[in-house]
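Worksheet: one structure, shown below.
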Amino acid sequence: MSTLIEQFRQSSPLFGGNAAFIEELYESFLTDPESVNDNWRQYFRNMEAQTQGARDIAHGPIRDSFARLALQPQAGMERSQGLSPQTAEKQAAVLRIINAYRTRGHKAADLDPLKLRNRPPVPELDPGYHGLNEADMAISFNTGSLVAPSQWTLRDIMGLLRDVYIGPIGSEYMHINETAEKRWIQKRLEGQRARLDLSTEQRMELLHWLVAAEGLERYLHTRYVGQKRFSLEGGESLIPMMDEMIQQAGGQGIQEIIIGMAHRGRLNVLVNIIGKSPAELFDEFEGKRRVGSTGDVKYHLGFSSDVQTPGGALHLALAFNPSHLEIANPVVEGSVRARMERRRESGAETPPFNSVMPLLIHGDAAFAGQGVNMETLQFSQVRGYRTGGTIHIVINNQIGFTTSNPLDTRSALYCTDVAKMVQAPIFHVNGDDPEAVLFVTRLAVEYRMTFNKDVVIDMICYRRLGHNEADEPAATQPMMYRKIRARKTTAVLYAEKLTSEGLLTEADFREMQEKYRADLDAGRQVSRPTLPHVKGPYSIDWSPFGVEDWSQPVITAISVETIRDLSERLLKLPEGFEMHPRVAKLMDDRRKMAAGALPLDWGFSENLAYASLLQEGYQVRISGQDCGRGTFFHRHAVLHNQKDGTSYVPLMNLYPSQPNFIVIDSILSEEAVLAFEYGYATAESNGLIIWEAQFGDFANGAQVVIDQFISSGQTKWGRMCGLVMLLPHGFEGQGPEHSSARLERYLQLCAEQNMQVVVPSTPAQCFHMLRRQMRRAFRKPLIVMSPKSLLRHRLAVNSLEDLTEGHFQEVIPEIDPHDPAQITRLVACGGKVFYDLLEARRERKLAHVAIIRIEQLYPFPQALYSAQVNRYPNLTDLVWCQEEPQNQGAWFESLHHLDRELPPQLKIRYAGRPHSASPAVGYHSVHVEQQQKLVNDALGE
């Protein structure tokens with residue numbers, strides 16, 4: 001008996017030398033049941049049935065299980081399937097090598113046009129590694145899930161695998177969890193052998209776009225010698241790729257494509273794809289054309305046009321971008337979402353993702369190195385930010401950035417590895433094989449339209465010139481540039497290919513080049529013909545917001561009847577909805593506020609502002625960390641049922657067919673989320689778009705968005721934007737990270753009436769401020785130093801009359817009864833410190849001190865401020881009081897306003913914290929001491 005057992009151990013596919021293979025096969029089954037042969041799949045399922053459906057088992061028990069099975073010959077595979085042990089092992093080896101090519105073939109693909117480095121061997125792709133040899137090549141095997149005949153010779157199988165996976169395309173998709181998506185990709189890759197069957201006409205059109213891409217760069221290089229343009233040379237296949245993508249997407253129903261890209265190749269895209277007139281570009285090179293009041297360099301500028309596609313007219317828009325490379329990406333995503341929301345049907349859970357598409361073009365080092373890409377990718381499937389799948393194109397010139405060695409640009413194998421985080425398929429493609437480029441382009445568009453998920457094309461190419469045209473790249477990359485200078489261009493290589501096939505002559509090629517140059521000389525459009533733009537139902541007309549009259553009165557008050565009607569709707573809940581006791585108490589208080597029995601607090605006034613704007617036809621969108629409830633437990637725009645965890649948003653249920661209201665707790669990001677909301681606001685003129693920081697200084701992580709877009713976008717590019725930033729601000733002894741929203745930074749960025757900076761101190765001020773933002777006849781960013789402790793301060797309350805009769809007060813005068821003639825000291829301040837000053841003055845009965853609040857710090861209300869100073873004829877002391885350190889806050893940035901046009905005897909002085917490198921102290925006792933001192937200093941004691 002022992003002899004028989006030993007013989008079985010040596011021969012059974014379930015034991016001996018096959019144990020490692022069986023374990024690997026079983027692991028493949030656990031990951032993807034469809035990746036293994038039908039017989040093995042059924043066998044493993046039978047095993048699952050014996051273990052009550054247990055799925056993932058540790059490796060040791062797997063081996064022990066197979067060892068036990070080996071002692072039971074009746075369970076052997078040869079009896080259940082009629083396969084000899086040798087045949088079963090060969091069959092399994094075939095399935096293994098199919099899986100190896102799918103998972104690791106990209107490592108051996110022919111991707112680098114320059115062949116800078118030898119491709120490392122990938123042992124798993126060698127049949128011998130799996131125990132297969134030349135004698136097996138003629139044997140037919142079951143092909144499993146391979147898109148091929150069910151029985152095929154190993155030679156045929158290997159031919160297909162090599163064509164598909166180690167040619168000019170390297171495909172990474174086996175990391176995707178969804179089996180249906182993997183099968184979909186395999187069907188298109190393997191079913192078409194990763195190639196297109198292009199007609200002669202289509203191949204000539206492909207050559208035309210390559211000639212155009214190369215021709216523009218050479219023309220600019222000779223006409224504008226030494227001027228920066230960040231040439232596309234070496235990556236010319238981008239142009240036919242983009243043309244194909246636009247035509248394919250339009251044919252599948254896309255109506256708008258919003259494009260984000262940095263510098264490289266931008267001018268080429270503008271002229272050859274989007275349809276910018278060459279003459280217009282030449283004027284910009286020669287300084288004859290301006291955009292915005294200050295303008296920007298030509299390779300930052302955006303453009304838009306309409307082009308014809310098989311599915312009709314398609315609107316193209318290239319977003320403006322600063323030099324901060326990838327920061328334009330979340331801006332594009334926000335713009336896309338706004339455009340989708342305009343098309344959302346009433347009652348639909350999601351907007352129509354297949355109507356608008358984002359297209360982002362990256363550099364290789366930037367895609368790997370810029371953290372904003374990870375944040376932007378994280379939007380992919382997040383409600384409130386999802387845009388139905390972004391197509392990412394990486395112009396991978398293999399040099400990183402200015403002069404870097406590729407080895408220094410990332411730790412990952414590929415620059416695109418970050419995209420695996422969101423299960424995006426990645427198609428690496430040799431940029432010098434334009435037909436392969438078109439294949440992955442069609443595949444990417446179809447995948448995006450089918451699954452509404454992100455997809456990445458990594459076009460591996462090179463950079464023929466330096467980082468810019470004045471740079472000498474060979475100084476730092478001598479070996480690379482020796483190869484580049486000896487290499488023919490993509491257009492020439494493809495023309496030679498067509499010539500060798502008898503489809504083209506050298507004279508035809510020269511004629512194509514000469515015609516393109518002649519068109520440039522004449523300043524003629526060289527892209528596909530653009531269509532006259534016709535404003536449709538989803539277009540935005542910004543013309544009504546072009547006149548900036550800051551002095552124009554704005555009616556923001558609403559009637560008592562409106563307040564009571566809105567309050568009733570806000571406080572109505574679904575039947576059986578059970579609130580948390582603290583929230584229930586808060587809602588009961590709001591009911592009393594609406595009746596006039598309690599003064600209005602901040603949270604209720606804010607919600608009334610949103611409700612009234614929705615009633616008047618404005619959409620409202622609020623995003624940020626904790627903004628549904630409010631970081632400080634004040635807003636409660638989203639209510640949570642304590643019985644079953646469901647949520648209810650009263651502001652979404654005020655009226656039938658009301659404008660869209662969304663309040664969404666964002667991902668834990670500031671940079672990408674703020675950029676997204678900026679992009680949304682630039683594409684939506686009729687919506688109150690708000691980003692709320694959890695704490696005001698969290699905006700530090702989004703400073704590039706504030707500097708490059710919010711504060712300067714209109715000046716540089718003429719882009720209007722009504723975005724609101726709510727930045728909780730106030731010194732309550734919570735330390736340096738939770739006190740200051742860095743007011744001074746925003747004031748430093750203020751000029752030419754580019755934005756508004758306000759410090760509201762009452763609920764009514766918040767109400768009127770939000771309504772004023774939409775009811776004004778222009779759109780400017782609004783920066784709000786919003787409160788924390790004031791949200792529930794006993795003095796920071798208002799009456800109903802303050803909403804029905806009031807307006808936003810840029811300067812709030814003294815509120816206590818007083819005789820102006822007795823006032824010798826005037827204290828000007830803003831924000832929470834007012835209440836500290838007020839309570840101290842009342843307690844000390846200082847009848848000679850008046851306190852005014854400057855609620856709008858920019859544009860500074862000079863006339864209103866001067867009028868308040870002039871109210872007091874006997875002033876001898878004028879004080880600016882602030883909580884922030886002297887080198888921060890409003891003092892230095894507003895001093896030239898505060899000190900202007902004062903009576904001769906007055907000079908304003910400072911009362912506040914001393915200079916500090918940190919925004920606030922971390923010790924509560926020190927905070928209290930400092931606060932008391934600045935109050936005493938301001939009041940004169």
Side-chain angles (χ1 to χ4, degrees), residues 602-603 606 622-627 629-635 665-666 668-675 677-678 689-707 709-711 723-750 755-762 765-766 769-770 773 781-793 796 829-836 854-858 882-885 887-891 893-894 912-913 916-922 927 931:
W602 204 283
E606 183 184 340
I622 314 169
S623 82
Q625 300 148 16
D626 266 356
C627 64
R629 183 201 71 180
T631 297
F632 308 102
F633 209 77
H634 83 287
R635 181 173 295 124
D665 292 343
S666 71
L668 194 60
S669 152
E670 289 82 38
E671 182 179 17
V673 172
L674 180 57
E677 302 306 337
Y678 170 82
I689 314 303
I690 297 173
W691 177 74
E692 181 176 54
Q694 193 173 45
F695 286 89
D697 52 0
F698 286 11
N700 291 352
Q703 197 64 43
V704 62
V705 186
I706 300 161
D707 291 349
F709 291 97
I710 294 171
S711 65
L723 178 69
V724 178
M725 293 176 63
L726 298 181
L727 306 175
H729 176 83
F731 285 58
E732 283 100 356
Q734 297 299 309
E737 309 307 326
H738 295 126
S739 296
S740 176
R742 293 289 194 176
L743 169 61
E744 65 280 356
R745 292 183 180 173
Y746 298 93
L747 292 176
Q748 185 182 43
L749 293 170
C750 289
M755 57 186 184
Q756 310 153 81
V757 180
V758 303
V759 191
S761 61
T762 72
Q765 284 286 84
C766 172
M769 169 193 76
L770 292 172
Q773 181 68 359
L782 171 62
I783 314 301
V784 183
M785 299 291 116
S786 61
K788 296 180 290 182
S789 61
L790 294 191
L791 297 173
R792 277 175 289 279
H793 196 290
C829 64
K832 179 186 78 69
V833 72
F834 164 75
Y835 292 98
D836 295 335
I854 302 179
E855 303 268 297
Q856 179 172 294
L857 289 166
Y858 191 85
Q882 67 178 36
E883 295 185 298
E884 302 88 353
N887 57 312
Q888 299 168 34
W891 171 243
E893 296 303 328
S894 299
R913 285 178 168 81
S916 173
S918 175
V921 297
H927 160 77
Q931 195 77 3

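All values reported here derive from a predicted model rather than from experimental measurement.
With contacts defined as side-chain heavy-atom distances shorter than 4.5 Å, the pair S623/E677 qualifies. Within the 4.5 Å cutoff, the side chain of I690 has heavy atoms near those of the L770 side chain. Looking at heavy atoms from C-beta onward, F698 lies in side-chain contact with H738 at the 4.5 angstrom threshold. When side chains are defined from C-beta on, V757 counts as touching C750, because their heavy atoms get closer than 4.5 Å. Residues V724 and W691 have side chains not in contact (no heavy-atom distance under 4.5 Å, counting atoms from C-beta outward). Using a 4.5 Å cut-off on side-chain heavy atoms (C-beta onward), D697 and N700 make contact. Residues S894 and L747 have side chains in contact (heavy-atom distance under 4.5 Å, counting atoms from C-beta outward). Side-chain contact between S739 and P919 is absent, with no heavy atoms from C-beta onward closer than 4.5 Å.
No donor-acceptor contact under 3.5 angstrom links the side chains of Q888 and R745, judged on distance only. In this model, no donor atom of one side chain and acceptor atom of the other lie less than 3.5 Å apart for Q625 and D665. In summary, the side chains of Q765 and E855 do present a donor paired with an acceptor at a separation below 3.5 Å, with no hydrogens or angles considered.
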Query - side-chain contact (heavy atoms from CB on, under 4.5 Å) evaluation trace for S789 with K832 - result: CA-CA 8 Å; S789 61; K832 179 186 78 69; 3.2 Å; yes

Query raised in the report: Would I706 and I783 count as a side-chain contact (heavy atoms from CB on, under 4.5 Å) if you check the C-alpha gap in whole Å, the side-chain angles of each, and the deciding distance to 0.1 Å?
Result: CA-CA 10 Å; I706 300 161; I783 314 301; 5.9 Å; no

Report task. Apply the test side-chain contact (heavy atoms from CB on, under 4.5 Å) to residues M785 and Y746: give CA-CA distance (whole Å), side-chain angles for both, the deciding distance (0.1 Å), then the verdict. Result -> CA-CA 10 Å; M785 299 291 116; Y746 298 93; 4.1 Å; yes

Query raised in the report: Going through the distances and angles, do V759 and V784 end up as a side-chain contact (heavy atoms from CB on, under 4.5 Å)?
Result: CA-CA 6 Å; V759 191; V784 183; over 6 Å; no

Requested in this report: Take R913 and Q882 through the side-chain hydrogen bond (donor to acceptor under 3.5 Å, both in side chains) test and state the conclusion after the steps.
Outcome: CA-CA 8 Å; R913 285 178 168 81; Q882 67 178 36; over 6 Å; no

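Taking the ring centroids of H927 and F731, they lie at or beyond the 6.0 Å cut-off.
For R635 (side chain) and C627 (main-chain N/O), a donor-acceptor pair under 3.5 Å exists by modelled atom type. Panel note: side chain E692, backbone L727; no donor-acceptor pair is recorded below 3.5 Å. Between the side chain of E606 and the main chain of C766, no donor-acceptor pair closer than 3.5 Å is present. Using a distance-only test at 3.5 Å, with no hydrogens or angles considered, no donor-acceptor pair links the side chain of E671 to the main chain of A702. A donor-acceptor pair under 3.5 Å links the side-chain atoms of R792 to the main chain of F633, judged by distance alone. Within the 3.5 Å criterion, the main-chain N or O of E737 finds no donor-acceptor partner in the side chain of Q734. Here the side chain of Y858 pairs no donor or acceptor atom with the backbone of V758 at under 3.5 angstrom. Between the side chain of D626 and the backbone N or O of Q694, no donor-acceptor pair lies under 3.5 Å.
By the side chain to side chain donor-acceptor pair (under 3.5 Å) test, N887 is found to be paired with no residue, residues two or more places apart in sequence or in another chain being considered. In this view, H634 satisfies the ring-ring contact (aromatic ring centres under 6.0 Å, His included) rule with no residue, not counting sequence neighbours.
Interatomic distance, S786 OG to F632 CZ, rounded to the nearest 0.5 Å: 7.5 Å. If you take CG on L782 and CE on M769, they are separated by 5.5 Å, rounding to the nearest 0.5 Å. Atoms CG and OG, on L790 and S761 in that order, are 7.5 Å from each other to the nearest 0.5 Å.
In this structure, Y678 and F709 have tilted ring planes: the angle between them lies in the 30° to 60° band.
Screening K788, E883, E884 for a side-chain contact (heavy atoms from CB on, under 4.5 Å) involving H729 leaves a single residue, E884.
The heavy-atom pair separating A920 from G735 by the smallest distance is CB-O, 3.8 Å.
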